[in-house]
Undergrad: 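So that we are looking at the same thing, I have put the structure below in structure tokens.
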Amino acid sequence: MLKIEHLNCGYGSVHAVHDVSFEVPAGSVFALLGPNGAGKTSTIMAIMGHVDIHGGRILLEDADITYRPAVERVGLGISLVPEGRQLFSDLSVDENLTIGGYARPAERDAAKPERRGQLAGSLSGGEQQMLAIGRAIMAEPRLLLVDELSLGLMPKMVDICLDVLMQLKREGLTIVLVEQNTARALEVADQVCVLSSGAQVFKGTSAEAKSAGSLFATFLGTTE
């Protein structure tokens, strides 16, 4: 589904990611892990088209999208659930979903969410994260990018959100997940890439990552 080849990217003259390469098979969950400032969000944003590319290629099903604008990538089937959710807090649930579905064919039926008239800013953190996922899904993506799913959420809501991602995977969606909760990420991920200071330090299956104790101690700050 997705292939990253020797990616170098950043913001202006600041290089945040250096020579990162990985592949994401269709229908899988791929986790990007690492400490703060490792380059995880920059990698996600490069896939979405929101940072400067300094080298390398991004391929979506063998089509080179490295320099395609973000709006075109949505049309090609990529959606983003951004860090911090980034909802329009003064708009309703229904309006936020409508914005997410702007790229859908107009003849499709509109969604019928619960509390569709409630302002997004009045929802709980977990409800806002669910809305952010729903907004991204409204574009009917083939590839879903999820940045810091569990940030600021209670454990029960993390469980619910991860269950939603697993259901989407079962329905055939490919997911790239950036997640601060390493243990939970490894529960749902098929494959893992660990970044540190913008460089790739590990790439393998979730099972291989779990067995690499030194990896967690050195780069992830945990012995899990």
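The model shown is predicted, which means the values in this text are computed figures rather than measured ones.
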Undergrad: Look at the side chain of N8 and the backbone N and O of D19, then say whether any donor-acceptor pair between them is shorter than 3.5 Å.
TA: yes
Undergrad: With rounding to the nearest 0.5 angstrom, report the CG to CG distance, L87 to L131.
TA: 5.0 Å
Undergrad: How would you list, by chain and number, every residue that makes a ring pair (Phe, Tyr, Trp, His ring centres under 6.0 Å) with H15, sequence neighbours excluded?
TA: H54
Undergrad: Kindly compute the distance separating OG1 (T174) from CG (L168), expressed to the nearest 0.5 Å.
TA: 11.0 Å
Undergrad: Starting from L123, can I reach F88 by hopping between I/L/V/M/F/W/Y residues whose side chains sit under 4.5 Å apart?
TA: no
Undergrad: Taking all heavy atoms of Q200 and all of V20, pick out the closest pair and write down the distance.
TA: OE1-CG1, 3.5 Å
Undergrad: Are I58 and I53 close enough that some pair of their side-chain heavy atoms sits under 4.5 Å apart?
TA: yes
Undergrad: In Å, rounded to the nearest 0.5 Å, how long is the span from CD of E179 to CZ of R184?
TA: 8.5 Å
Undergrad: More than 12 non-hydrogen atoms from neighbouring residues, nucleotides or ligands closer than 6.0 Å to CG on D90, yes or no?
TA: yes
Undergrad: Between Q129 and S150, is there a donor-acceptor pair closer than 3.5 Å when you use the side chain of the first and the backbone of the second?
TA: no
Undergrad: Would you give me the side-chain donor-acceptor pairs under 3.5 Å for residues 71-83, sequence neighbours excluded?
TA:
unit_1: E72; atom_1: OE1; unit_2: R68; atom_2: NE; d: 2.5
unit_1: E72; atom_1: OE1; unit_2: R68; atom_2: NH2; d: 3.2
unit_1: R73; atom_1: NE; unit_2: R68; atom_2: O; d: 2.7
unit_1: R73; atom_1: NH1; unit_2: A46; atom_2: O; d: 2.9
unit_1: R73; atom_1: NH1; unit_2: I47; atom_2: O; d: 2.8
unit_1: R73; atom_1: NH2; unit_2: I65; atom_2: O; d: 2.8
unit_1: R73; atom_1: NH2; unit_2: T66; atom_2: O; d: 2.9
unit_1: R73; atom_1: NH2; unit_2: R68; atom_2: O; d: 2.8
unit_1: S79; atom_1: OG; unit_2: A136; atom_2: O; d: 3.0

Undergrad: With heavy-atom distances below 4.5 Å as the criterion, would you say the side chains of L32 and F22 are in contact?
TA: yes
Undergrad: For residues A120 and N96, report the shortest heavy-atom separation together with the two atoms involved.
TA: CB-ND2, 3.5 Å
Undergrad: Which value, rounded to the nearest 0.5 Å, describes the distance between L151 atom CG and N181 atom CG?
TA: 11.5 Å
Undergrad: Can you tell me how far the NE2 atom of H18 sits from the SG atom of C9, to the nearest 0.5 Å?
TA: 9.0 Å
Undergrad: With side chains defined as the heavy atoms from C-beta onward, is the minimum distance between V176 and L2 less than 4.5 Å?
TA: yes
Undergrad: Are V146 and V158 in one and the same hydrophobic cluster, where Ile, Leu, Val, Met, Phe, Trp and Tyr link if side-chain heavy atoms are under 4.5 Å apart?
TA: yes
Undergrad: Does any N or O in the side chain of S92 come within less than 3.5 Å of the main-chain N or O of Q118, such that one atom is a donor and the other an acceptor?
TA: no
Undergrad: Tell me whether S206 contacts the main-chain N or O of L186 through its side chain, where contact means a donor paired with an acceptor under 3.5 Å.
TA: yes
Undergrad: Closest approach of M45 and V51, non-hydrogen atoms and distance?
TA: CB-CG1, 3.6 Å
Undergrad: Which pair of heavy atoms, one from L145 and one from I44, lies closest together, and at what distance?
TA: CD1-O, 3.7 Å
Undergrad: Determine, using the 4.5 Å side-chain heavy-atom cutoff (strictly less than), whether I99 and I137 are members of one ILVMFWY cluster.
TA: no
Undergrad: Rounded to the nearest 0.5 Å, how far apart are CD of Q128 and CZ of R135?
TA: 10.5 Å
Undergrad: In the structure I gave you, are the side-chain heavy atoms of V192 and K203 within less than 4.5 Å of one another anywhere?
TA: no
Undergrad: Quick check: closest heavy atoms across L153 and M157, and the distance to 0.1 Å?
TA: CB-CB, 4.3 Å
Undergrad: Would you call K40-D147 a salt bridge at under 4.0 Å N-O?
TA: no
Undergrad: Could you walk me through whether L60 and M1 pass the side-chain contact (heavy atoms from CB on, under 4.5 Å) check?
TA: CA-CA 6 Å; L60 181 68; M1 172 64 74; 3.8 Å; yes
Undergrad: If you look at every heavy atom in R57 and L59, which pair is closest and at what distance?
TA: NH2-CD1, 3.7 Å
Undergrad: Give the cluster check for I160 versus M154: same hydrophobic cluster or not, with ILVMFWY residues linked at side-chain heavy-atom distances below 4.5 Å.
TA: no
